[in-house]
Amino acid sequence: MNGLIFDYGGTLDTNGVHWFFMFKEAYLACRIDIDEGVLRSVYVQTERALEQGKHIWPADSFYSVLQKKTAFHKLFLKETYSIDISQDKLNSVTNYCYMRVKNNIERITVPVLDISAQQARLVLVSNFYGNLETVLSEFGLKKYFYSIVESAQVGIRKPDTGIFKIGARSFPPSVNPVVVGDSYKNDIAPALSLGMRAVWLKVDGYQWNETENVETPYRISTLSEIVDLLPQLLESK
C-alpha cells in the first residue's frame with residue numbers, strides 16, 4: 001500500500017494560491033479599490049474571528065463560508081478603516097471566489113485525485129472550520145479520501161505534528177505517507193520533522209521571509225505536477 005496525505009485549503013481548492021491573494025484578486029476583479037495592507041489586516045482579523053468564535057456550522061456549504069468571510073470583511077473595513085462597501089459588491093467578491101474554486105477543482109483537483117486514488121490510499125489533513133466534509137461532498141471530493149482529519153473536529157491545528165500523527169493512523173505502520181501541501185510552516189516542516197516525505201506546492205507566498213530560501217526535496221508550482229511525481233514518490237518508501 002502507498003499513502004498520500006493532502007492538505008485542503010490553499011492546496012486542493014486554490015491550487016497553491018494563498019487565500020489572501022485569492023481575495024485580493026477578487027476585489028481587483030470586482031473593481032473594489034482597497035489598499036493591500038488594509039485588506040491583509042482585514043483578512044487576518046476575519047480568520048482570527050472565525051477561529052475563535054462559533055460562526056461556521058457543520059452543514060455550512062462553501063458558498064456560505066465565503067458569505068460569512070466577506071461579511072466580516074465588511075464589518076472590519078467599516079469599524080477599523082471607515083470603509084463602507086455595498087452588499088452588492090461584496091456579493092460579487094463571494095461569487096468570484098466561489099467560481100474560481102469550483103473551476104479549479106473541476107479542471108485540476110478532480111483529475112489529480114482520480115489518478116492518485118488509483119495508486120495510493122488518500123487521507124486529508126486540514127485546518128478547517130468544522131464543515132469540511134460538507135464542503136468536500138459539495139464538490140464531489142469526499143469519495144476520494146479514506147479518512148478526513150479536520151482541526152476543528154480533533155482539536156489540534158497545524159503546524160502541531162499531532163494532527164499529522166492522527167492522519168498517519170489511517171495507514172499500516174509499514175507505510176510512510178507523502179504529505180502534499182501549500183504551506184511550508186503548516187504542512188512541509190511538520191511532515192519532515194516526523195520523518196515523512198513532503199511535496200511543497202509553492203505558488204504565492206503569504207510571508208515571503210519565512211519561505212523564500214527554504215529547500216525541500218520536492219517542489220511543484222501546480223497541483224497537476226504531482227501526477228508526474230507519483231511513480232518516484234510511491235516507489236521509494
Side-chain angles (χ1 to χ4, degrees), residues 6-81 83-110 113 124 126-142 145 148 150-153 157-158 181-183 186 201 203-204 206 223:
F6 280 96
D7 168 56
Y8 181 74
T11 301
L12 296 183
D13 57 353
T14 67
N15 193 28
V17 178
H18 191 284
W19 263 101
F20 165 73
F21 291 108
M22 183 66 75
F23 277 116
K24 177 184 174 183
E25 176 186 319
Y27 276 91
L28 288 173
C30 297
R31 299 182 180 180
I32 304 172
D33 185 18
I34 298 178
D35 176 78
E36 181 171 333
V38 169
L39 183 58
R40 182 179 287 250
S41 172
V42 167
Y43 171 84
V44 171
Q45 285 180 280
T46 296
E47 291 304 312
R48 286 176 179 167
L50 292 175
E51 290 171 12
Q52 293 169 3
K54 191 60 180 176
H55 303 286
I56 296 175
W57 302 96
D60 278 347
S61 67
F62 175 62
Y63 193 85
S64 178
V65 171
L66 289 174
Q67 286 180 312
K68 292 180 179 184
K69 287 192 175 193
T70 54
F72 272 114
H73 289 185
K74 180 178 176 67
L75 173 67
F76 292 132
L77 282 168
K78 189 170 184 178
E79 285 188 349
T80 309
Y81 299 100
I83 298 173
D84 195 7
I85 297 178
S86 72
Q87 189 58 49
D88 284 345
K89 287 188 174 182
L90 280 180
N91 290 343
S92 67
V93 171
T94 298
N95 292 334
Y96 182 93
C97 290
Y98 183 85
M99 290 309 301
R100 281 278 280 115
V101 168
K102 183 175 183 293
N103 291 336
N104 177 74
I105 288 175
E106 290 174 351
R107 292 186 304 103
I108 300 173
T109 305
V110 166
L113 294 181
L124 197 65
S126 181
N127 286 347
F128 216 71
Y129 310 104
N131 66 322
L132 185 53
E133 290 201 25
T134 298
V135 172
L136 293 172
S137 297
E138 179 181 359
F139 291 118
L141 301 181
K142 185 179 177 181
F145 296 101
I148 298 162
E150 181 183 5
S151 61
Q153 298 292 339
R157 287 183 59 83
K158 300 176 185 178
D182 70 299
S183 170
N186 286 341
L201 173 58
V203 182
D204 287 318
Y206 183 57
L223 191 62

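Here the structure is a predicted model, which is why all the values come from computation and not from measurement.
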- prompt: Does any non-hydrogen side-chain atom of Asn104 lie less than 4.5 Å from one of Thr109?
  reply: yes
query: With a cut-off of under 6.0 Å to the ring centre and 45° to the axis, is Lys24 in cation-pi contact with Trp19?
result: no
query: So do the side chains of Arg157 and Glu51 get within less than 4.5 Å of each other, counting heavy atoms only?
result: yes
task: Evaluate the criterion side chain to side chain contact (heavy atoms under 4.5 Å, CB included) for residue pair Val93 and Tyr96; output intermediate values, then yes/no.
output: CA-CA 5 Å; Val93 171; Tyr96 182 93; 5.7 Å; no
- prompt: So do the side chains of Tyr129 and Glu47 get within less than 4.5 Å of each other, counting heavy atoms only?
  reply: yes
message: I'd like to know if the side chain of Glu150 reaches the main chain of Ser126, judged simply by a donor and an acceptor atom lying under 3.5 Å from each other, with no hydrogens or angles considered.
response: no
query: Are the side chain of Thr46 and the backbone N or O of Val42 linked by a donor-acceptor pair below 3.5 Å?
result: yes
- prompt: Any sub-3.5 Å donor-acceptor pair from Thr134's side-chain atoms to Pro58's backbone N or O?
  reply: yes
field: OG on Ser92 to CD on Gln87, rounded to 0.5 Å
entry: 10.0 Å
statement: Closest non-hydrogen atoms of Leu124 and Phe6, given as atom of the first, atom of the second and distance, are CD1-O, 3.2 Å
- prompt: Given side chains that start at C-beta, do those of Tyr81 and Ser41 come closer than 4.5 Å, heavy atoms only?
  reply: yes
message: On a heavy-atom basis, which atom in Gly181 and which in Asp7 lie closest, and how many Å separate them?
response: CA-CB, 3.9 Å
task: List the steps, then state whether side-chain hydrogen bond (donor to acceptor under 3.5 Å, both in side chains) holds for Glu36 with Tyr27.
output: CA-CA 10 Å; Glu36 181 171 333; Tyr27 276 91; over 6 Å; no
- prompt: Is the side chain of Lys74 donor-acceptor paired with the backbone N or O of Ile85 at a distance under 3.5 Å, no angle test?
  reply: yes
Any side-chain heavy-atom pair of His18 and Phe23 under 4.5 Å: no
Distance, nearest 0.5 Å, that separates CG of Leu28 from CG of Leu39: 8.5 Å
message: How long is the straight-line distance from CD of Gln67 back to OG1 of Thr94, given to the nearest 0.5 Å?
response: 6.0 Å
- prompt: Which atoms form the tightest heavy-atom contact between Gln153 and Gly130, and what is the distance?
  reply: NE2-O, 3.2 Å
query: Going from CD1 on Ile108 to CG on Leu113, what distance comes out if it is rounded to the nearest 0.5 angstrom?
result: 11.5 Å
query: Looking only at atom types and distance, does a side-chain atom of Thr80 sit under 3.5 Å from a main-chain N or O of Leu77, one as donor and one as acceptor?
result: no
field: Test item: Asp13 side-chain N/O and Gly10 main-chain N/O as donor-acceptor pair under 3.5 Å
entry: yes
query: Do the side chain of Thr11 and the main chain of Gly16 share a donor and acceptor less than 3.5 angstrom apart?
result: no
message: Determine whether a donor-acceptor pair (N or O, by modelled atom type, separation under 3.5 Å) exists between the side chain of Asn127 and the backbone of Lys158.
response: yes
- request: Identify the heavy atoms of Ile56 and Asp60 that sit nearest to each other, and give their distance.
  value: CA-OD2, 3.4 Å
- line: Between Ala49 and His55 the two heavy atoms that sit nearest each other are O-CD2, 3.3 Å
message: Is any side-chain heavy atom of Ile105 closer than 4.5 Å to one of Leu12?
response: no
message: Within the structure provided, determine whether Lys69 and Leu50 are in side-chain contact (heavy-atom separation under 4.5 Å).
response: yes
field: Test item: Met99 and Asn95 side chains (from C-beta on) under 4.5 Å apart, heavy atoms
entry: no
task: Give the ring-plane orientation class for Phe139 versus Tyr98, where under 30° counts as parallel, over 60° as perpendicular and anything between as tilted.
output: tilted
message: Between Glu138 and Phe62 (side chain of the first, backbone of the second, donor and acceptor by atom type, cut-off under 3.5 Å), is there such a pair?
response: yes
Shortest non-hydrogen contact from Ser61 toward Val135: C-CG2, 4.3 Å
query: Is Asp35 salt-bridged to Arg40, cutoff N-O under 4.0 Å?
result: no
Under 3.5 Å donor-acceptor, Thr70 side chain and His73 backbone: no
message: Below 30° counts as parallel, above 60° as perpendicular, anything between as tilted: where do the rings of Tyr8 and Phe128 land?
response: perpendicular
task: Please check if atom CG in Asn103 has more than 12 non-hydrogen atoms from other residues, nucleotides or ligands closer than 6.0 Å.
output: yes
